[in-house]
Amino acid sequence: MKSLHTLYFSPTGTTKRTVSAIAEAIGEVLNSYDITLPQNRVTTPVFGKDDLIIIGMPVYA
Ligand SMILES: Cc1cc2nc3c(=O)[nH]c(=O)nc-3n(C[C@H](O)[C@H](O)[C@H](O)COP(=O)(O)O)c2cc1C
């Protein structure tokens with residue numbers, strides 16, 4: 001693993017806490033991408049082939 005990142009959609013914070021706990025148990029998180037708000041979805045993150053990204057989305061159905 002080259003670097004560790006988190007990416008989550010989390011309106012009330014539970015997914016953020018869950019993703020962060022998983023990632024922090026693995027290692028040091030380099031970047032966290034909170035895509036909950038539209039202004040945080042303007043650019044697309046670019047990852048390397050050896051990066052590990054912990055991604056979390058809640059069910060809102
Ligand atoms: C409007 C609404 C709809 C939801 N629908 C579902 C659902 O269909 N199934 C489910 O398991 N949880 C459902 N949930 C529960 C959320 O997935 C759960 O609270 C989740 O932890 C929220 O994540 P967040 O804190 O990161 O926003 C719903 C919650 C809300 C507020």
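Quick caveat, the model's predicted, so the values are computed rather than measured. What's counted below: heavy atoms across the whole structure, side chains too, no hydrogens, waters or symmetry copies. Order of listing sets the numbers, starting from 1, for every ligand and every atom in it.
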inquiry  = So if I only count non-hydrogen atoms and take anything under 4.0 Å from ligand 1, which residues does that give, chain by chain?
reply    = S10, P11, T12, G13, T14, T15, P58, V59, Y60, A61
task = Could you tell me which residues satisfy side chain to side chain donor-acceptor pair (under 3.5 Å) with N31, sequence neighbours excluded, listed by chain and number?
result = none
task = Start with the C-alpha gap between I54 and I26, add the side-chain angles, then the distance that decides, and say whether side-chain contact (heavy atoms from CB on, under 4.5 Å) holds.
result = CA-CA 10 Å; I54 310 299; I26 295 171; 3.9 Å; yes
ask   = Counting only N and O atoms by type, is there a donor-acceptor contact under 3.5 Å from the side chain of D50 to the main-chain atoms of K2?
value = no
query = Parallel, tilted or perpendicular for Y33 and F47, by the 30°/60° rule?
reply = perpendicular
query = Donor-acceptor pair, N40 side chain versus L37 backbone, under 3.5 Å?
reply = no
ask   = Any chance the side chains of T36 and S10 put a donor and an acceptor closer than 3.5 Å?
value = no
